[in-house]
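Written out below as structure tokens is the structure these notes cover.
These numbers come from a predicted model, not from an experiment.
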Amino acid sequence: QVQLVESGGGVVQAGGSLRLSCAASGRTIGSYHIGWFRQPPGKEREFVSTISRSGAITYFAESVKGRFTISRDNAKNTVYLQMNSLQSEDTAVYYCAADGGTIVVVSPTQYDYWGQGTQVTVSS
């Protein structure tokens with residue numbers, strides 16, 4: 001079983017950047033595909049991005065394509081979400097999650113382990 005802890009959230013002005021980190025313990029993060037999801041105020045949790053075990057495959061939600069990048073450092077047991085050109089619509093609690101399945105998926109129901117989340121607030 002893997003435990004995940006997100007960090008790097010905060011308050012940023014529109015147009016600014018943040019880098020979120022997802023640190024794993026208990027098992028090596030390299031055993032999992034890792035996804036980032038977010039839950040805006042009053043809305044359901046939604047997919048943001050995901051990265052395969054090796055890092056070779058990545059997917060992004062249309063709303064963040066060209067602004068967000070995802071990467072991983074399996075030696076440091078950490079996955080990163082670099083968020084640039086932030087907009088007020090990006091305000092949400094951001095979660096990372098681990099999926100031990102065969103293929104990379106975007107549905108949150110397929111992810112087995114979740115962190116507690118980190119708040120990102122973009123002020124306009």
Shortest non-hydrogen contact from A14 to S124? CB-CA, 4.3 Å
Who are the side chain to side chain donor-acceptor pair (under 3.5 Å) partners of R45, not counting sequence neighbours? none
For S63, which residues count as a side chain to side chain contact (heavy atoms under 4.5 Å, CB included) partner, sequence neighbours excluded? R38, A61
A98 and V2 have their tightest heavy-atom pair at CB-CG1, 4.0 Å
Considering all heavy atoms, the nearest L86-M83 contact: CD2-CB, 3.8 Å
Looking at C96 and I34, what are the two nearest heavy atoms and their distance? CB-CG2, 4.4 Å
Nearest non-hydrogen partners of P40 and E44, listed with the distance: CD-O, 3.8 Å
Is the shortest side-chain heavy-atom distance between T91 and V120 below 4.5 Å? no
Partners meeting side chain to side chain donor-acceptor pair (under 3.5 Å) with S107 (sequence neighbours left out): T109
Using 0.5 Å steps for rounding, measure from the OH atom of Y80 to the OG atom of S7. 9.0 Å
Pairs of donor and acceptor atoms involving the side chains of residues 18-28, under 3.5 Å and at least two apart or interchain, shall be tabulated with distances.
| unit_1 | atom_1 | unit_2 | atom_2 | d |
| --- | --- | --- | --- | --- |
| R27 | NH1 | Y32 | OH | 3.4 |
| T28 | OG1 | G30 | N | 3.3 |

Residue list, side chain to side chain contact (heavy atoms under 4.5 Å, CB included) with T58, at least two apart or on another chain: I51, F60, I70
Check which hydrophobic residues are tied to V5 through side-chain heavy-atom contacts below 4.5 Å, counting indirect links as well, and list them. none
Say whether, by atom type as modelled, one donor and one acceptor occur between the side chain of H33 and the main chain of G101 under 3.5 angstrom. yes
Taking all atoms of both residues into account, what is the closest heavy-atom pair of S49 and L81, and its distance? CB-CD1, 4.2 Å
Can you name the side chain to side chain contact (heavy atoms under 4.5 Å, CB included) partners of Q13, sequence neighbours left out? S123
Measure the shortest side-chain to side-chain distance between R67 and D90 over non-hydrogen atoms and say whether it is less than 4.5 angstrom. yes
Counterpart residues, side chain to side chain contact (heavy atoms under 4.5 Å, CB included), relative to D112 (two or more places apart): D99
Rounded to the nearest 0.5 Å, how far does CZ of R72 lie from CZ of R53? 8.5 Å
For E62, what residues pass the salt bridge (charged side-chain N to carboxylate O under 4.0 Å, His left out) criterion, not counting sequence neighbours? K65
With ILVMFWY side chains joined below 4.5 Å, transitively, what does F37's cluster contain besides itself? F47, I57, Y59, V93, Y95, I103, V104, V105, V106, Y111, W114
Q82: which residues meet the side chain to side chain donor-acceptor pair (under 3.5 Å) condition with it, sequence neighbours left out? N84
Taking the side chain as every heavy atom from C-beta outward, state whether W36 and E6 have any pair of such atoms under 4.5 Å apart. yes
Is any side-chain heavy atom of Y113 closer than 4.5 Å to a side-chain heavy atom of Q1? yes
Quick one: side chain to side chain donor-acceptor pair (under 3.5 Å) partners of T121, sequence neighbours excluded? Q119
Rounded to the nearest 0.5 Å, what's the gap from CD1 on I29 to CG on D73? Could you check? 9.5 Å
